[in-house]
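Remember, it's a predicted structure, so these values are computed and weren't measured experimentally. In this chain, numbering begins with 1 at the start of the sequence shown. The figures that follow rest on heavy atoms only: side chains count, while hydrogens, waters and symmetry mates do not.
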Amino acid sequence: MAELRHNSSIGARATPSPRKRDDVTSPLSSDNHLPRDVDDDGGRDRHPRDRFRSLFSNHFQLLDDSARVYSQNFKILLFIVTVVAFAGLFTVYSVITHLNAPYLCTKDGITLHCPRVKEPPSLWENPLSAATSWKPCAERRSGSISDLPEANETNGYIFIHAEGGLNQQRIAICNAVAVAKIMNATLILPVLKQDQIWKDQTKFEDIFDVDHFIDYLKDDVRIVRDIPSWFTDKSELFTSIRRTVKNIPKYAPAQFYINNVLPRIKEKRIMALKPFVDRLGYDNVPQEINRLRCRVNYHALKFLPEIDEMADQLVARMRNRTGSPNPFMALHLRFEKGMVGLSFCDFVGTRAEKALMGLYRLKEWPRRFKDGSHLWPLALQKRKEGRCPLEPGEVAVMLRAMGYPKETQIYVASGQVYSGQNRMAPLRNMFPNLVTKEELTTKDELDSFRKHVTSLAALDFLVCLKSDVFVMTHGGNFAKLIIGARRYMGHRQKSIKPDKGLLSKSLGDPYMGWATFVEDVVLTHQTRTGLPEATFPNYDIWENPLTPCMCKA
């Protein structure tokens with residue numbers, strides 16, 4: 001019995017959850033049950049039901065622990081399944097995107113179909129807050145006192161040939177006025193030299209209002225219409241080396257003219273300056289000289305009234321083509337044969353077309369073309385650097401990504417597009433409301449302008465200047481002067497300068513999705529719309545007249 005109690009005592013201590021109880025007889029115990037004795041360590045023997053209850057309790061505790069472990073495992077499993085599901089959806093999306101990505105837009109023959117982008121609120125103008133911080137301040141001040149010496153005290157006369165197209169000639173005229181001011185010389189009305197490409201015989205008075213030009217600048221520079229009568233051999237200015245100042249460095253400083261040109265003018269009394277393309281710098285001249293150049297460009301050089309009137313008619317017709325007032329875009333499309341050839345870039349085309357372009361380049365630029373073997377890697381490098389003209393189809397994709405809808409009215413300012421209608425088809429199909437000045441006018445209306453190629457260029461210049469949005473596709477004096485003039489007018493008008501490097505990279509990426517492309521184009525071009533932009537060294541004032549020619553509002 002003692003051994004049994006000992007064993008019971010050991011069993012009681014070995015139980016996982018021992019509990020002490022009062023000495024109360026269970027109502028279910030019989031009278032023959034052995035009395036419970038107190039063991040040596042004070043523990044009490046348990047009733048069998050107590051042991052069963054303890055085992056039962058332990059069993060449920062194990063069940064609770066198992067349930068908690070199962071719950072945790074279920075949560076982990078659910079998380080893994082969710083992650084796998086999302087990964088699967090992303091993979092499916094990526095595959096679909098990649099399948100649709102190669103050209104960003106689907107191609108149906110020569111037609112491109114791009115997804116429609118929701119039109120943002122700032123599609124047609126720059127934010128007002130950004131456009132009102134600066135104002136133009138290069139105009140002639142009323143009541144100003146002229147600091148010009150008497151006519152007989154001039155240091156001499158200078159004469160220039162304004163070379164190139166209309167806008168290169170415009171820059172040359174502005175520079176000629178500035179140089180005359182630097183040397184205190186009298187400027188003879190510049191001659192617009194016939195250009196080998198344009199084949200034009202236009203004179204200054206055929207394009208610009210001479211009376212306004214001379215009168216507006218009368219307090220800055222003395223300008224005469226013709227070579228002085230005392231100089232009898234006028235042809236000598238065109239032929240004699242003795243009457244010509246040559247070898248003027250490109251972007252020469254003001255001091256160069258004072259040190260090297262002025263002494264010769266004082267000696268000979270009258271001199272021709274040539275060549276005269278970009279022969280005056282920007283950072284190495286006084287700010288008042290730069291401001292004078294802006295005064296010439298934006299205020300003194302006015303087109304003839306008949307050119308202004310015709311341009312206003314073109315603008316009015318563009319705004320009312322749909323029967324109700326609407327904004328319109330002007331697109332300067334630089335994709336003429338000469339520009340394509342001169343760029344030495346590679347463009348999409350047939351083998352025969354590329355062979356003909358090679359022959360054209362060899363004829364026009366033999367020293368650059370050589371045997372043509374070096375041109376392919378050069379063309380690839382230029383495209384990566386964004387130095388190639390945009391093709392009409394590339395322009396169409398860019399504009400659609402920016403949000404311009406199919407209904408956008410577009411005025412195209414350009415010469416004859418290389419490859420003609422085939423090359424224009426993607427742009428015209430994506431934006432059918434696309435017209436040129438020839439389509440907006442009658443033959444009789446343009447006949448009076450056709451005798452001067454420069455006057456046709458002047459019409460394009462004015463329409464682009466007055467458009468709601470101006471888009472350039474390649475560099476050049478035309479686009480540079482338009483963007484600068486629109487900035488000078490207040491920065492409100494959008495002037496889009498494409499990031500051709502970004503477009504080249506994106507359009508050449510076979511895995512670029514449309515949504516990503518749209519985001520890149522929109523974000524990149526938010527700061528390329530003609531907003532106020534600080535100048536930096538060697539940044540010419542024709543594209544950004546902010547610092548020398550504009551003042552804080």
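- Side-chain contact between V435 and R317 is absent, with no heavy atoms from C-beta onward closer than 4.5 Å.
- When all heavy atoms of N290 and P548 are compared, the closest pair comes out as CB-CB, 3.8 Å.
- Salt-bridge formation is not detected for the pair K203/D206: no Lys NZ or Arg NE/NH1/NH2 atom is positioned less than 4.0 Å from an Asp or Glu carboxylate oxygen.
- Using a distance-only test at 3.5 Å, with no hydrogens or angles considered, no donor-acceptor pair links the side chain of H491 to the main chain of T529.
- Side-chain contact between I188 and I160: absent, with no pair of heavy atoms (C-beta onward) separated by less than 4.5 Å.
- V191 has its side chain within reach of F159: a pair of non-hydrogen atoms, C-beta onward, lies under 4.5 Å apart.
- A salt bridge does not link R140 with D219: none of the charged nitrogens is closer than 4.0 Å to a carboxylate oxygen.
- In this structure, R243 contributes its side chain and M271 its backbone to no donor-acceptor pair below 3.5 Å.
- Looking only at atom types and distance, the side chain of K500 has a donor-acceptor partner in the side chain of H474 under 3.5 Å away.
- Below 30°, between 30° and 60°, or above 60°: for Y418 and F335 the angle between ring planes is between 30° and 60°, a tilted geometry.
- Using the six-membered ring where Trp is involved, F208 and F204 have ring planes that are tilted, between 30° and 60° apart.
- By the 4.5 Å heavy-atom criterion applied to side chains, V245 and F276 are not counted as neighbours.
- The disulfide (SG to SG under 2.5 Å) test applied to C388 returns C345, not counting sequence neighbours.
- Distance check, rounded to the nearest 0.5 Å: CG of L262 to CD1 of I158 gives 10.5 Å.
- For the 3.5 Å distance criterion, the side chains of Y251 and D283 fail to qualify, holding no donor opposite an acceptor.
- Here the side chain of T244 pairs no donor or acceptor atom with the backbone of K246 at under 3.5 angstrom.
- Between the side chains of D499 and T524, no donor-acceptor pair is found at a separation under 3.5 Å.
- Contact check for V471 versus M398: side-chain heavy atoms found under the 4.5 Å cut-off.
- Ring-plane geometry between F344 and F369 is classed as tilted, the angle between the planes lying from 30 to 60 degrees on a 0 to 90 degree scale.
- Closest heavy-atom contact between I496 and P498: O-CD, 3.5 Å.
- At least one side-chain heavy atom of F328 sits less than 4.5 Å from a side-chain heavy atom of V463.
- Heavy atoms only, all atoms of each residue included: V453 and T202 are closest at N-OG1, 4.5 Å.
- Using a 4.5 Å heavy-atom cutoff, the side chains of L187 and L217 are not in contact.
- Closest of all the heavy-atom pairs between Y488 and P545 is CB-CG, 4.2 Å.
- For the pair K302 and D308, the salt-bridge criterion is not met [side-chain N within less than 4.0 Å of a carboxylate O].
- Each of Q409, K406, M318 was evaluated against N433; a single residue qualifies, Q409, per the side-chain contact (heavy atoms from CB on, under 4.5 Å) test.
- Atom CZ of R450 is surrounded by more than 12 heavy atoms from other residues, nucleotides or ligands within 6.0 Å.
- Using a 4.0 Å cut-off between a side-chain N of Lys or Arg and a carboxylate O of Asp or Glu, D220 and K181 do not qualify as a salt bridge.
- Residues L304 and E205 share a closest heavy-atom pair of CD1-O, 3.5 Å.
- Across A485 and L465, no two heavy atoms sit closer than the pair CB-CD1, 3.4 Å.
- Looking at E336 and R423, no side-chain N of the basic residue comes within less than 4.0 Å of a carboxylate O on the acidic one, giving no salt bridge.
- In this model, no donor atom of one side chain and acceptor atom of the other lie less than 3.5 Å apart for R528 and S495.
- Under a 3.5 Å cut-off, the side chain of R334 and the backbone N or O of T473 do not form any donor-acceptor pair.
- Residue Q416 places its CD atom among 12 or fewer non-hydrogen atoms of other residues, nucleotides or ligands, all under 6.0 Å distant.
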- Could you check F303 against L166 for side-chain contact (heavy atoms from CB on, under 4.5 Å), going step by step and ending with a plain yes or no? CA-CA 11 Å; F303 291 114; L166 170 65; 4.2 Å; yes
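- Taking the six-membered ring where the residue is Trp, H332 and F470 present parallel rings, their angle staying beneath 30° rather than reaching 60°.
- Distance alone, capped at 3.5 Å, is enough to place a donor-acceptor pair between the Y404 side chain and the L123 backbone.
- Listed for the H525 side chain is a donor-acceptor partner under 3.5 Å among the backbone atoms of V521.
- Under the rule for a disulfide (SG to SG under 2.5 Å), C464 has no partner lying at least two apart in sequence or in another chain.
- Put simply, the side chain of E364 never gets that close to the backbone of R361: no donor and acceptor are under 3.5 Å apart.
- Between the side chain of D540 and the backbone N or O of Y282, no donor-acceptor pair lies under 3.5 Å.
- Side-chain contact between E445 and Q313 is present, with heavy atoms from C-beta onward closer than 4.5 Å.
- Looking only at atom types and distance, the side chain of N175 has a donor-acceptor partner in the side chain of R293 under 3.5 Å away.
- Although no hydrogens or angles enter the test, the distance criterion places a donor-acceptor pair under 3.5 Å between the side chain of R279 and the main chain of V277.
- Taking 4.0 Å as the cut-off between side-chain N and carboxylate O, R487 and E533 count as a salt-bridged pair.
- When atom types are taken as modelled, the side chain of D215 and the backbone of D211 share no donor-acceptor pair closer than 3.5 angstrom.
- The pair E163-R170 does not count as a salt bridge, with every side-chain nitrogen at least 4.0 angstrom from each carboxylate oxygen.
- No hydrogens or angles considered: nothing links the side chains of Q287 and R291 as a donor-acceptor pair under 3.5 Å.
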